[in-house]
S.K.: 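Structure provided below as structure tokens; questions to follow.
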Amino acid sequence: MKIVLSLGGSVFEGVERIREFANVLDEIAEENKLFVVVGGGKMARELIEKARNLGANEVMCDYLGIAVTRINAMLLAFAMKNSAKRIPENFIEAEELSKNYKAVVMGGTFPGHTTDATAALLAEFVGADLFLNATSVDGIYSEDPRKNPNAYKFEKISPRELLMLVAKEQAKAGVNVVMDILAVKILERSKIKAVVFRGEPENIKRIVNGEKIGTLVI
Ligand code: UTP
């Protein structure tokens, strides 16, 4: 199976955690062709805030964010046995590298979106069978469950329904939506099966082994 994983930067808070992910991903890459796109996490957010305060515009901030995602990608790639150590700058390079390696790890590509969208574009480019979105929540909810106790989790949702949900959320300033709107649009047109789930190493293994957790976007 060809798998693309979008791994939020929040993972990169400690050596042990990176090692845990690296071990699980190495195991998955033994049986599958694996592509991982790593996010920028706290470091990206802090540096972007600094740059903004120094007068940088949003595109400049995006470039800064991309640089951090690439550093995080290096950390994960260096911790993995099966990954290429070179971090591709675009999808063509990523696919080329994958011919010689079981796994390829990369960061962001160009300004204007987050690594969720980068990962969805990569999934479309390489013709992935499965798109995995590791997030800080255990699936997609009808509303923010921390704010509304009546919010319910979707077992399954169509990209079109998700698009409407994300558009509604994004309209509220400062809200962190579960998936980048561009990522959802790419999933809709490419028709790639996606799973949104809590980003624990064990969960990645469970999904690849066919267990139904999180929310299926199809
Ligand atoms: P992230 O993907 O980590 O953004 O990229 P995020 O909003 O923190 O994502 P979540 O919340 O973990 O899902 C960090 C920043 O890098 C820039 C954007 O500014 C983004 O906010 N970036 C990243 C790009 O401009 N292009 C990319 O392809 C990737």
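Remember, it's a predicted structure, so these values are computed and weren't measured experimentally. Note that ligands are numbered from 1 as they come in the structure, with each ligand's atoms numbered from 1 the same way.
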S.K.: Which atoms of ligand 1 sit under 4.0 Å from any heavy atom of Gly112?
M.R.: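 Those qualifying, in numeric order: 25 (O).
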S.K.: What is the distance from atom CG of Leu216 to atom CD1 of Ile140, rounded to the nearest 0.5 Å?
M.R.: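 One finds 9.5 Å between CG of Leu216 and CD1 of Ile140.
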S.K.: Just distances here: any N/O of Phe110 and N/O of ligand 1 closer than 3.5 Å?
M.R.: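 So ligand 1 has an N or O lying under 3.5 Å from an N or O of Phe110.
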S.K.: Measure the distance from atom 5 (O) of ligand 1 to every protein heavy atom, then report the residue, atom name and distance (to 0.1 Å) of the closest one.
M.R.: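 That would be Thr69 CG2, 3.9 Å.
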S.K.: Using a 4.0 Å cut-off to any heavy atom of Gly39, which atoms of ligand 1 qualify?
M.R.: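 Near Gly39, meaning under 4.0 Å from one of its heavy atoms, ligand 1 has 3 (O).
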S.K.: Hey, is Thr118 touching ligand 1 through its side chain, its backbone, both or neither, going by heavy atoms under 4.0 Å?
M.R.: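 Side chain only.
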S.K.: Tell me whether Glu200 is salt-bridged to Lys205, with the criterion being a basic N under 4.0 Å from an acidic carboxylate O.
M.R.: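 Salt bridge: no.
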S.K.: Would Lys185 and Glu188 pass as an ion pair if we require N to O under 4.0 Å?
M.R.: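 Judged by the 4.0 Å cut-off on N to carboxylate O distance, Lys185 and Glu188 do not form a salt bridge.
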S.K.: To the nearest 0.1 Å, how far is atom 13 (O) of ligand 1 from its closest protein heavy atom, and which atom is that?
M.R.: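 That would be Asp116 OD2, 4.0 Å.
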S.K.: Sub-3.5 Å donor-acceptor pair from the side chain of Lys85 to the main-chain atoms of Ala77, do we have one?
M.R.: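 Yes.
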S.K.: Does the distance from a Lys or Arg side-chain N to an Asp or Glu carboxylate O, for Glu124 and Arg189, drop under 4.0 Å?
M.R.: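 Arg189 and Glu124: salt-bridged.
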S.K.: Where is the nearest protein heavy atom to atom 8 (O) of ligand 1: which residue, which atom, and how far?
M.R.: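 Of the protein heavy atoms, Arg45 NH1, 3.9 Å lies nearest.
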S.K.: Which option wins on minimum heavy-atom distance to atom 24 (C) of ligand 1: Met179, His113, Lys42?
M.R.: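 Going through Met179, His113, Lys42 one by one, His113 has the nearest heavy atom to atom 24 (C) of ligand 1.
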S.K.: Does any non-hydrogen side-chain atom of Lys2 lie less than 4.5 Å from one of Phe35?
M.R.: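 In contact.
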S.K.: What are the atoms of ligand 1, with element, lying closer than 4.0 Å to any heavy atom of Gly108?
M.R.: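 Checking each atom against Gly108, I get 27 (C), 28 (O), 29 (C).
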S.K.: Which ligand 1 atoms does Thr109 reach within 4.0 Å, using its non-hydrogen atoms?
M.R.: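 Near Thr109, the atoms of ligand 1 are 27 (C), 28 (O).
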S.K.: Could you find the nearest protein heavy atom to atom 2 (O) of ligand 1 and give me its residue, atom name and distance?
M.R.: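 Result for atom 2 (O) of ligand 1: Thr115 OG1, 2.4 Å.
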S.K.: Within this structure, what is the CG-CG distance for the pair Leu162 and Leu187, rounded to the nearest 0.5 Å?
M.R.: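 If I round to the nearest 0.5 Å, the distance is 8.0 Å.
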S.K.: When you measure from atom 16 (O) of ligand 1 to each heavy atom in Ser136, Pro111, Ala183, Gly65, which option holds the nearest one?
M.R.: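 Of the listed residues, Gly65 has the closest heavy atom.
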S.K.: Would you check, one step at a time, whether the test salt bridge (Lys or Arg N to Asp or Glu O under 4.0 Å) holds for Glu31 with Lys102?
M.R.: CA-CA 9 Å; Glu31 308 282 327; Lys102 293 173 178 163; over 6 Å; no
S.K.: Looking only at heavy atoms, which two atoms of Tyr101 and Asn82 are closest? And how far apart?
M.R.: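 So the two residues come closest at CB-O, 4.1 Å.
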S.K.: What is the nearest protein non-hydrogen atom to atom 7 (O) of ligand 1, stated with its residue, atom name and distance?
M.R.: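 That would be Thr114 CG2, 3.6 Å.
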S.K.: So, does Asp180 use its side chain to make a donor-acceptor pair with the main chain of Thr114 at under 3.5 Å?
M.R.: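 Yes; at least one donor-acceptor contact below 3.5 Å.
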S.K.: Looking only at distances, please establish whether an N/O atom of ligand 1 is found under 3.5 Å from an N/O atom of Gly40.
M.R.: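 Yes, since at least one N or O of Gly40 sits under 3.5 Å from an N or O of ligand 1.
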S.K.: So which protein heavy atom does atom 19 (O) of ligand 1 come closest to, and at what separation?
M.R.: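 Going atom by atom, the protein heavy atom closest to atom 19 (O) of ligand 1 ends up being Asp62 OD1, 2.5 Å.
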S.K.: Any protein heavy atom under 4.0 Å from atom 10 (P) of ligand 1?
M.R.: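 Within 4.0 Å of atom 10 (P) of ligand 1, no protein heavy atoms are found.
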